[in-house]
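Beneath this line is the structure, given in structure tokens, with notes to follow.
First the proteins, then the strands, lettered A, B, ... as listed; each starts at 1. These figures come from a predicted structure and were not determined experimentally.
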Amino acid sequence: MSMKKVYDHKKTESKWYSFWEKKGFFKPEINPKGKPYTIILPPPNANADLHFGHAMYVIEDILIRYHRMLGDSTLWLPGADHAGFETQVVFEKHLAKKGKSRFDFDRETLYKMIWDFVHINKGNVETQLKRLGFSLDWTRYKFTLDPEIIKIVQKTFKKMYDEGLIYRDYRLVNYCTKHGTSFSDLEVVYEDRKSPLYYIKYGPLTLATVRLETKFGDTAVAVHPDDKRYQKYIGKEIDIQTVIGPKKIKVIADESVDPKFGTGVIKVTPAHSHIDFDIGKKHNLEIRQVINFDGRLNEKAGKFAGMKVKEARSAVAEEMQKKGLIEKIDDKYKNRVGVCYKCGTEIEPLPMEQWFVKIESLAKKAIESVKNGEVSIYPKNFTKVYFQWMENIRDWNISRQIVWGIKIPAWRCLDCKKWVVTNGPTPKKCTHCSGSKLERDPEVFDTWFSSSQWPYATLQTARKGDFEKFYPTSVIETGRDILFFWVARMIMMGIYSTKKAPFKDVVLHGTVLDPLGKKMSKSKNNVVNPLEIVDQYGADAARMALVYGTAFGNDQTLSHPKLQAMRNFTNKLWNIGRFIIDMKPEKVKSAPILNKDDKWILEELDKTTKFVTVSLEKYRFNDAADTLYEFIWHQFADKYIESSKNRREESQPILEKVLGESLKLLHPFMPFITEELWQRLPNKTQDSIMVSEWPIISKK
RNA sequence: GGACGGUUAGCUCAGCGGUAGAGCGCUGCAUUCACAUUGCAGAAGUCACAGGUUCAAAUCCUGUACCGUCCACCA
């Protein structure tokens, strides 16, 4: 079939993906003897379509296709994440549109509804990944809620519990009163606020506080041990007036009090402030909870009971002012307030029992694995960020009070109140007292607890022998915004469970911003669907645009002019192909004598081959892409092809050779058009360019 | 309060020790001879600012300004 003047990406791209898949080219088995090369796809959330930023997965496809052509036994394993809390929030929004809420359904029904919702979305996501040309081995597809994955996650929990690395503790958690769940420290975002700072009288002392409404939970007043002003009160009880009557309160000394802040005196509210909780623990103070999980004050607040935190604050302030208990109000005070990263509700530190991972020993090994080079992070300046975070890490709260997730396999014995933990199955009786009345912990794991086990959980359950062959994986490639959430935790959990870090290289890409340079988000309504871009410019152009012209690791702005340029490039390539293949002269000299031009282009091809290869090894994708563009367009097409026109019969073999090699080098970046042209090459050596050999630099 | 990244042609960005580069845009010319999603030619930047190191700095060091991001339980 003769070739049209203008390249039609829609025609080409629709046919090759299924061809590749049918041939089994995405499976590592096509190179059974090659050395293993593995990437686990960061499983996209199953609750929504991919946005254009996900197209950065192209980096992984480039690496995978390159290594497949090198002859490696190459595996790129796809999956999806149930994305616990995230998904529940998305689903609640759907419910809200129908005038419903999560409280209208029982647990099982809600779970089932979300399950159905997620399974529709998963299908959409798969279609998107395929349209982008990603050479994923779909026969090994995994979902975080597959029974075999759940089994592994629960088993890990049990093992860690048995070894004392997971414990149950009553302590303050970051709690969103709107969503009704706790969060890890990472999920709290901080906002700058101007909050009135009240100077209140506590008997003979005056202290400064923002959170007036928590005063009903005060169980001490604290000063710095060396603060001369307050020596005589330390250890004594003082009488104070409060809005709900007189009260006695103890004055304690603690190093953590900053004498320079306010008056140097603080109220200690162990139930509602992290720092106070620690002080309280040290001094054995009562944890007096006055704010309930619905964000309202309870009966301990007297007549303020039932009020929401904010109303209570102003109501208390008003009342205290009437009674002359407020000395002054500093209304210029600036502080940072933790809010829910989803809804912006102020996070309440609230005391509750939760499961925690004892993180120190895990972090230590994770730090070590990077220090000793078992794991390398690219771009390398992120190594420092990684260390910083790891060195200051705190125990990880892995309980979530939601329904959508993996259930924690823990039961409390109603007789002896102790916990029974299993690998998953419901225990018949209590292992401590043989009691038979057991109550399951209704909570589920933090999503990241399961995804941190993803590399080994997938490989251990995909196919027999996979784990042995493909673990540790070669590269984890992901957005740098989830370095802590995911990458760091995978390293910790991987080392814990398998004794080996789960990957050798961490490759972090920047964020793809909208055409105006703003972060894409649903709330801003500026999310771009990759399929729109693919329809408009072609998958090849979209892929190339993401790697061309931006240093790897930097943020980039989605640029239509750039997409257009890459679309033009595909057309240029198409016409190069058309000229060489479709307009082949009738007579061709079989053993040409090389002239100056021939030698020059072959030399340039060599240089390009070398440069592209080295750049890929160093994860310098833009260098490789820029060079290929320059070589193919400006050296091969503009110079060599032009000069060859008056000696076509002689140069035809060179034209074919350079085209073939260029297509191979370009294939990882632009798989569809390179396959289309490859299939038309008169001298093609394999069924598909996908399984052809990566060009080798010819010897001089 | 710390840390990291950015600041280079009108726009979007490469370059990161040897007298400034790309894509888009702009100007002029060419052409139904693979490609107008084209070719050729060209204009365009005191490389944020101030010091320093060096024979030589956009590139290294110090500091400043402005943008962006991340981390931190200051009441």
Side-chain angles (χ1 to χ4, degrees), chain A residues 3-7 9 172 174 185-186 188-190 195 197-198 207-212 214 218 222 256-258 260-269 272-279 333-336 338 347 349 379 381-389 391-394 480-481 483-484 510-511 513 515 517-519 537-538 541 544-545 548-584 620 622-623 625-627 629-630 633-634 637-639 641-642 644-646 648 655:
Chain A
M3 294 166 75
K4 295 238 170 64
K5 266 169 108 168
V6 175
Y7 175 60
H9 64 262
L172 295 195
N174 309 303
D185 296 338
L186 271 178
V188 180
V189 298
Y190 289 87
S195 317
L197 183 65
Y198 302 95
L207 59 83
T209 183
V210 169
R211 304 216 52 190
L212 264 191
T214 65
D218 293 355
S256 60
V257 179
D258 178 1
K260 291 197 197 84
F261 181 85
T263 59
V265 184
I266 64 165
K267 66 195 206 56
V268 185
T269 324
H272 299 295
S273 151
H274 289 284
I275 186 170
D276 294 8
F277 185 85
D278 293 342
I279 295 176
Y333 179 66
K334 281 183 200 153
N335 65 346
R336 283 175 74 68
I347 291 290
N381 54 304
F382 284 98
T383 311
K384 193 174 168 185
V385 182
Y386 170 83
F387 285 140
Q388 230 167 35
W389 187 76
E391 278 154 13
N392 296 305
I393 195 168
R394 299 195 307 161
R480 55 154 194 260
D481 48 325
L483 176 61
F484 304 141
T511 311
L513 308 168
K518 296 270 183 296
K519 213 166 176 177
Y537 301 100
M544 193 67 172
Y548 181 90
T550 303
F552 190 70
N554 286 352
D555 288 351
Q556 67 172 308
T557 306
L558 173 63
S559 153
H560 285 280
K562 190 152 99 176
L563 284 160
Q564 217 168 69
M566 294 306 132
R567 197 262 328 257
N568 293 354
F569 179 56
T570 55
N571 194 57
K572 185 74 186 180
L573 186 62
W574 174 254
N575 277 289
I576 292 172
R578 182 158 164 259
F579 176 72
I580 296 172
I581 300 161
D582 219 31
M583 302 180 178
K584 187 174 176 168
R620 311 226 2 154
N622 63 313
D623 282 350
D626 295 3
T627 301
Y629 181 96
E630 163 70 19
W633 196 318
H634 299 302
D638 289 347
K639 300 219 173 74
I641 293 181
E642 287 308 319
S644 75
K645 280 180 181 168
N646 50 23
R648 186 66 199 273
L655 288 168

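- Within residues 552-560 of chain A, the residues that place at least one heavy atom under 4.0 Å from RNA chain B are, in residue-number order, A/Asn554, A/Thr557.
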Tell me, what's RNA chain B's dot-bracket, Watson-Crick or G-U with both distances under 3.5 Å, | for other-strand, [ ] crossing? ((((((((.[[[[.)..(..]]]].((((((....).))))).....[[[[[..)....]]]]])))))))....
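- Residues A/Thr550 and A/Arg648 each lie close to RNA chain B; by heavy-atom proximity, the contact nearer the 5' end of the strand is made by A/Thr550.
- In this model, no side-chain donor or acceptor of A/Lys4 finds a partner on the base of B/A34 within 3.5 Å.
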Expected rows: protein N/O vs nucleotides 2-4 of chain B N/O, under 3.5 Å:
from: B/A3; atom 1: O3'; to: A/Lys384; atom 2: NZ; distance (Å): 3.3
from: B/C4; atom 1: OP1; to: A/Lys384; atom 2: NZ; distance (Å): 2.7

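- Looking at heavy-atom distances under 4.0 Å, A/Tyr190 makes contact with sugar-phosphate atoms alone, never a base.
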Could you list, one pair per line, each protein nitrogen or oxygen that sits under 3.5 Å from a nitrogen or oxygen of nucleotides 20-29 of chain B, together with the distance?
from: B/A22; atom 1: O2'; to: A/Tyr548; atom 2: OH; distance (Å): 2.9

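- Rounded to whole angstrom, the span from the CZ atom of A/Arg394 across to the P atom of B/C71 amounts to 14 Å.
- A/Tyr7 meets the ring pair (Phe, Tyr, Trp, His ring centres under 6.0 Å) test with A/Trp574; sequence neighbours excluded.
- Looking at heavy-atom distances under 4.0 Å, A/Phe387 makes no contact with the nucleic acid at all.
- Qualifying salt bridge (Lys or Arg N to Asp or Glu O under 4.0 Å) partners for A/Asp481, counting only residues two or more places apart in sequence or in other chains: none.
- Residue A/Ile641 is the one, among A/Ile641 and A/His274, whose nearest nucleotide of RNA chain B lies closer to the 5' end (criterion: closest heavy atom).
- Across all strands shown, A/Asp623 has no heavy atoms under 4.0 Å from either base or sugar-phosphate atoms.
- When distances run from any side-chain atom of A/Asp258 to the nucleotides B/C74, B/C71, B/C35, the shortest one goes to B/C74.
- Within 4.0 Å of A/Arg567, counting heavy atoms only, lies at least one base atom of the nucleic acid.
- Contacts of A/Asp258 classified as side-chain hydrogen bond (donor to acceptor under 3.5 Å, both in side chains), with partners at least two apart in sequence or in another chain: none.
- Comparing the P positions of B/U27 and B/G21 gives an interatomic distance of 24 Å, to the nearest angstrom.
- Residue A/Ala551 has its side chain nearest to B/A14 when only B/C71, B/A14, B/G39 are considered.
- Residue-level contact check: A/Phe569 touches neither bases nor backbone, having no heavy atom under 4.0 Å from any strand.
- For A/Phe277, there are no ring pair (Phe, Tyr, Trp, His ring centres under 6.0 Å) partners at least two apart in sequence or on another chain.
- A search for ring pair (Phe, Tyr, Trp, His ring centres under 6.0 Å) contacts involving A/Tyr190 returns nothing, not counting sequence neighbours.
- Residue A/Leu186 is classed as a sugar-phosphate contact, given heavy-atom separations below 4.0 Å to backbone atoms only.
- As judged by a 4.0 angstrom heavy-atom cut-off over every strand, A/Asn392 is placed among residues making no nucleic acid contact.
- Atom P of B/U46 sits at a distance of 13 Å from the matching atom of B/A58, rounded to the whole Å.
- Residue A/Asn575 has its side chain nearest to B/C35 when only B/C35, B/U37, B/C73 are considered.
- B/C71 atom C1' lies 14 Å from atom CZ of A/Arg480, rounded to whole Å.
- Between the P atom of B/G15 and the CG atom of A/Asp626 lies a distance of 9 Å, rounded to the nearest Å.
- The ring pair (Phe, Tyr, Trp, His ring centres under 6.0 Å) test applied to A/His274 returns no partner, not counting sequence neighbours.
- By the side-chain hydrogen bond (donor to acceptor under 3.5 Å, both in side chains) test, A/Lys639 pairs with no residue at all, sequence neighbours left out.
- A/Thr550 meets the side-chain hydrogen bond (donor to acceptor under 3.5 Å, both in side chains) test with A/Lys562; sequence neighbours excluded.
- Here, B/C49 and B/C11 have their P atoms 16 Å apart, quoted to the whole Å.
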